[in-house]
Amino acid sequence: MRNLDFAPLYRTTVGFDHLSSLLDAVNRSDNNAGGYPPYNIELLEKDCYQITMAVAGFTEDELEIQAEQQTLTVKGQRETDTDEHNYLHQGIAARNFERRFQLAEHIKVTGAKLEHGLLHVDLVREIPEAMKPKRIPIGSTNSKLIDAIKGRNAA
């Protein structure tokens, strides 16, 4: 198991203390996931992402996608197959799964589609207007400073 020392980070930043617990949670869930189903995470363009999961054999009704508090959960629940099969080799995984993805702030799920056994989940980063950079105009030399405490012009 890998342990990371975040002490240097804490000395120069404020409000990033949740980063340690987030990385621990991601490490734990990645170790427990077992790699099924396989997936890709792709950056399509600035602030647009797509997660593609190989879910061969699952129908749309057997898949569930849920986004809640910066966590995206994809579940696959297969109907139990009552038919008897005499497989000589069974290499196609037909098991249920649950895969979780931690989303950064302001990442929203915009859609999902199932094509040719691949589930595509589209995500976009939507930064609120209040958090976008703003250009601050510089006042002229004729502008006067106002003393906020006394409510009068300062000279």
Side-chain angles (χ1 to χ4, degrees), residues 1-139 148:
M1 178 173 181
R2 292 172 253 152
N3 291 327
L4 299 173
D5 181 18
F6 291 100
L9 177 68
Y10 296 144
R11 285 190 293 250
T12 58
T13 61
V14 176
F16 289 93
D17 43 302
H18 69 283
L19 187 61
S20 174
S21 60
L22 175 65
L23 289 174
D24 285 340
V26 168
N27 190 33
R28 265 193 316 275
S29 68
D30 197 40
N31 290 338
N32 294 337
Y36 180 78
Y39 64 92
N40 295 334
I41 301 175
E42 184 178 3
L43 175 64
L44 300 176
E45 59 184 63
K46 185 177 188 261
D47 294 332
C48 292
Y49 305 88
Q50 186 175 71
I51 298 173
T52 302
M53 300 178 73
V55 292
F58 285 87
T59 65
E60 289 179 20
D61 295 336
E62 295 170 333
L63 296 170
E64 179 185 332
I65 302 170
Q66 181 178 355
E68 180 182 1
Q69 295 182 357
Q70 296 179 300
T71 301
L72 172 67
T73 305
V74 181
K75 293 180 186 177
Q77 294 281 54
R78 300 254 346 237
E79 299 289 326
T80 53
D81 190 7
T82 56
D83 296 339
E84 289 290 324
H85 297 281
N86 187 17
Y87 291 114
L88 298 178
H89 170 75
Q90 185 176 8
I92 299 173
R95 60 185 181 263
N96 297 336
F97 68 88
E98 181 175 323
R99 173 75 70 176
R100 294 179 187 270
F101 299 92
Q102 294 296 316
L103 304 178
E105 287 187 61
H106 313 299
I107 297 286
K108 306 288 184 225
V109 178
T110 59
K113 62 182 178 244
L114 183 62
E115 292 181 320
H116 309 293
L118 297 175
L119 176 66
H120 303 282
V121 180
D122 297 319
L123 304 115
V124 67
R125 181 189 324 265
E126 294 177 351
I127 300 174
E129 199 63 38
M131 296 184 71
K132 291 183 180 176
K134 296 179 190 103
R135 179 167 218 135
I136 308 300
I138 300 172

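Nothing fancy with the numbering, it's 1 onward along the sequence.
Distance CD1/I41 to CE/M53: 9.5 Å, rounded to 0.5 Å. Considering CD of E129 and NZ of K134, their distance stands at 7.5 Å, rounded to 0.5 Å. In this structure, CD in Q50 is found 11.0 Å from CG in L43, a value given to the nearest 0.5 Å.
In this structure, G35 and R99 approach most closely via the heavy-atom pair C-NH2, 3.4 Å. Residues R135 and P137 come closest through the heavy atom pair O-CD, 3.6 Å.
A search for side chain to side chain contact (heavy atoms under 4.5 Å, CB included) contacts involving P38 returns Y36, A54, not counting sequence neighbours. In this structure, the salt bridge (charged side-chain N to carboxylate O under 4.0 Å, His left out) partners of D47, at least two apart in sequence or on a different chain, are R125. N96 is linked by a side chain to side chain donor-acceptor pair (under 3.5 Å) to Q77, counting only residues two or more places apart in sequence or in another chain. For the salt bridge (charged side-chain N to carboxylate O under 4.0 Å, His left out) test, no residue two or more places apart in sequence or in another chain qualifies with E60. Scored by the side chain to side chain contact (heavy atoms under 4.5 Å, CB included) test, D83 finds D81, H85 as partners (sequence neighbours excluded). Q90 pairs by the side chain to side chain contact (heavy atoms under 4.5 Å, CB included) definition with Y87, not counting sequence neighbours.
T52 pairs with exactly one of L118, V121, L119 by the side chain to side chain contact (heavy atoms under 4.5 Å, CB included) rule, that one being L118.
The ring-ring contact (aromatic ring centres under 6.0 Å, His included) contacts involving residues 101-125 comprise Y39-F101, where partners must be two or more places apart or lie in separate chains. Pairs engaging residues 45-83 under the ring-ring contact (aromatic ring centres under 6.0 Å, His included) rule: F58-F97 [sequence neighbours left out]. Identified under the salt bridge (Lys or Arg N to Asp or Glu O under 4.0 Å) test for residues 110-124, with sequence neighbours left out: none.
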Donor-acceptor list for residues 67-76 side chains, cut-off 3.5 Å, not counting sequence neighbours:
residue : atom : partner : partner atom : Å
E68     : OE1  : Q66     : NE2          : 3.2
T73     : OG1  : R100    : NH1          : 3.2

